[in-house]
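Chain identifiers are assigned alphabetically (A, B, ...) following the order of the sequence lines, protein sequences preceding nucleic acid strands; residue numbering begins at 1 within each chain.
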Amino acid sequence: MDPDAVAKAFVDHYYSTFDANRAGLGNLYQEGSMLTFEGQKIQGSQSIVAKLTSLPFQQCKHNITTVDCQPSGAGGVLVFVSGTLQLAGEQHALKFSQMFHLMPTPQGSFYVLNDIFRLNYA
Amino acid sequence: MDPDAVAKAFVEHYYSTFDANRAGLANLYQEGSMLTFEGQKIQGSQNIVAKLTSLPFQQCKHNITTVDCQPSGSGGMLVFVSGTLQLAGEQHALKFSQVIFSMASASFPFSISRTSMFSYLIDLWLIYCCRC
C-alpha cells in the first residue's frame, strides 16, 4: 500500500463528492467514525452526513493546495489537507485545514475513522 | 483521564518546550516517529530533532488558537492544532496548522510515536486586508 497514492485518490474522491453531492459521503464513514467540525463533535456515519448536508450553503467548491500523508500504523493513513473553499455567491474563498485518519476495510478500500475540519481565519 | 485534558496538557508541554529549548523535544519522539515538515519527510527522533534545531531562527513563540482532539486506534490520540508562530525580529506572525498522532507510553505520559505533520500557512488574508 502506497500511502501517497491512497491519500491522493482519497482526497480527489472526497472533495469531488462533497462538492457534487454531500449525501454521497455516507459510505466513507462508519459507526465509530468521528468528525470534529469547527469544534463541534459528531459521531457515526448517519450523524456526520446529517451535519454535512445541513451546512448553510447549497453549492461549494474545494480547491486543494497541499496534501501531506504518513502511514499511521495498523494499515492506516493519516492525511493532512489545506486549501480554499469557495461558496456560491461569496466574494472571498474561505481557507481551511482538514485531517483524516483512514483505516482499511476488508474489501480493500479505506474509510474515515477520524475527521477534523477547521477554517483558517485571519 | 479526559482526552481533551490530555490533549491540552500535551499541547502546552510541546510548544513551551519547542519555544524554550527545541532539543528537549527529543524524548517525545521514538525511532519509528515521522515528521513531515513543509513537505519534507523525516524519520526517527534523532533526525527529527536535528531538523527542528536547525530551523533558521533562534527565538520563537507559538500562540495556540485552536486545539481539537479525537481518540484513534488503541490508545492513540489525534491532536489538531492551529495558531501563529512569532519569530524574533519579524513584524508579522506566521500562521500554522499541525497534526500530531500520539501514543501513550508507560515511561512518559505522551510520546509522538507515529506522526507529526507540520505545515506553515503564510497569512494571505492579512496581506489582502491591508490592501483594502
So for atom CD, which belongs to Gln46(A), do other residues, nucleotides or ligands contribute more than 12 heavy atoms lying within a distance under 6.0 Å? no

Kindly work out whether a path of hydrophobic side-chain contacts (I/L/V/M/F/W/Y, heavy atoms less than 4.5 Å apart) joins Val11(B) to Tyr14(B). yes

Kindly give the heavy-atom pair with the smallest separation between Gln98(B) and Phe80(A), and that separation in Å. N-CZ, 4.2 Å

Looking at side-chain heavy atoms only, is the closest gap between Pro71(A) and Met34(B) below 4.5 Å? yes

Indicate yes or no for a side-chain donor-acceptor contact from Gln70(B) to the backbone of Asp115(A) under 3.5 Å, with no hydrogens or angles considered. yes

Would you confirm whether Asn114(A), through its side chain, and Pro71(B), through its main-chain N or O, come within 3.5 Å as a donor-acceptor pair? yes

Please say yes or no: joined through hydrophobic side-chain contacts below 4.5 Å, possibly via intermediate residues, are Ile42(B) and Val49(B) part of one cluster? no

Over all heavy atoms of both residues, which pair between Ser97(A) and Phe80(B) is shortest? Give the atoms and the distance, please. CB-CZ, 3.5 Å

So do Val99(B) and Ile116(A) actually touch side chain to side chain, heavy atoms under 4.5 Å? no

Phe100(A)-Val49(A) co-clustered via ILVMFWY side chain contacts under 4.5 Å: no

Measuring from atom CZ of Arg118(A) to atom OG1 of Thr65(B), what distance do you get when rounded to the nearest 0.5 angstrom? 9.5 Å

Is it the backbone or the side chain of Gln98(A) that comes under 4.5 Å from a heavy atom of chain B, or both, or neither? backbone

When rounded to the nearest 0.5 Å, the distance separating NE2 of His101(A) from CG of Leu78(B) is 6.5 Å

Specify the closest pair of heavy atoms between Asp68(B) and Gly39(A), including all atoms of both residues, with the distance to one decimal. OD1-CA, 3.9 Å

Which bit of Leu35(A) is near chain B, if near means a heavy-atom gap under 4.5 Å: side chain, backbone, both or neither? backbone

Taking all atoms of both residues into account, what is the closest heavy-atom pair of Lys41(B) and Cys69(A), and its distance? NZ-O, 3.8 Å

So, taking the atom named CG in Asn120(A) and the one named OG in Ser82(B), what distance separates them when rounded to the nearest 0.5 Å? 6.5 Å

